[in-house]
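Read the structure below first, then the notes.
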Amino acid sequence: MTPVYLRHPNATRQSLVMGVLALISGFLAVVGWFNNTGSLRWMALALAIPALVFAYFFVRTATLRVRLDDEGVWEPNPFRLTFVTPWADIRQIRKSLSHGRVRFVGVQVVYNDGVERDITALMMQAGAAGSEDAVAAWVEAVREAKRAAKR
């Protein structure tokens, strides 16, 4: 089976926006550091904090994807590089809708023991343009990959 990669449809654009924001705030922090003296110089370093946060978001959004191959579902995890859920451990793949004020629609995995878990990298805000179609395509892609791996 050829590996299949699933990403958010706007991941590239969102990543570039975060990269531009990181560059702007980082540039302002560096310019403020070299062009000011005293306490203003140290206050300019406050702009380095958002620069680092935007840089993290840039890298995280650029690399956030799910890989489907013969072994199973490979997901990114912020605490480990990736982890895999073997196909044999997955009983069902379905669409999920989160609860709360801001609702998200995504792909949910149900394990053989009945435990349900959302694939975090494959979630979109419910009601956003194209979210239902993207999630339906992701669910079908995961189901097809599971069928192909069993062959």
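- No donor-acceptor pair closer than 3.5 Å links the side chain of Ser131 to the backbone N or O of Met124.
- Not one N or O on the side chain of Lys146 forms a donor-acceptor pair closer than 3.5 Å with the backbone of Ile93.
- Each of Arg117, Arg91, Gln92 was scored for a side chain to side chain contact (heavy atoms under 4.5 Å, CB included) with Tyr111, with one residue passing: Arg117.
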Practice item. Begin with the C-alpha distance, continue with both residues' side-chain angles, and end with the deciding distance and a verdict on side chain to side chain contact (heavy atoms under 4.5 Å, CB included) for Glu75 and Thr120. Key: CA-CA 8 Å; Glu75 299 177 57; Thr120 308; 5.6 Å; no
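- Interatomic distance, Gln108 CD to Met123 CE, rounded to the nearest 0.5 Å: 9.0 Å.
- Summarising the geometry, atom CZ belonging to Arg7 is positioned 10.5 Å from atom CH2 belonging to Trp138; distances are rounded to the nearest 0.5 Å.
- Rounding to the nearest 0.5 angstrom, the gap separating the CZ atom in Arg94 from the CG atom in Asp118 is 9.5 Å.
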Point to revise | Candidate pair Met18 and Arg60, rule side chain to side chain contact (heavy atoms under 4.5 Å, CB included), full reasoning | key: CA-CA 10 Å; Met18 292 300 154; Arg60 183 80 176 132; over 6 Å; no
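- Distance check: Leu52 CG to Leu47 CG gives 11.0 Å after rounding to the nearest 0.5 Å.
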Exercise for review: List the steps and the verdict of side chain to side chain contact (heavy atoms under 4.5 Å, CB included) for Val142 and Trp87.
Suggested key: CA-CA 10 Å; Val142 175; Trp87 293 118; 4.1 Å; yes
Review point. Is there a side chain to side chain contact (heavy atoms under 4.5 Å, CB included) between Val66 and Ile119 once you walk through the steps?
Key: CA-CA 9 Å; Val66 173; Ile119 299 177; 3.8 Å; yes
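- Contact record, Gly26 with Ala51: N-CB, 3.5 Å, taken as the closest heavy-atom pair.
- Between the side chain of Asp133 and the backbone N or O of Ala136 there is no donor-acceptor pair closer than 3.5 Å.
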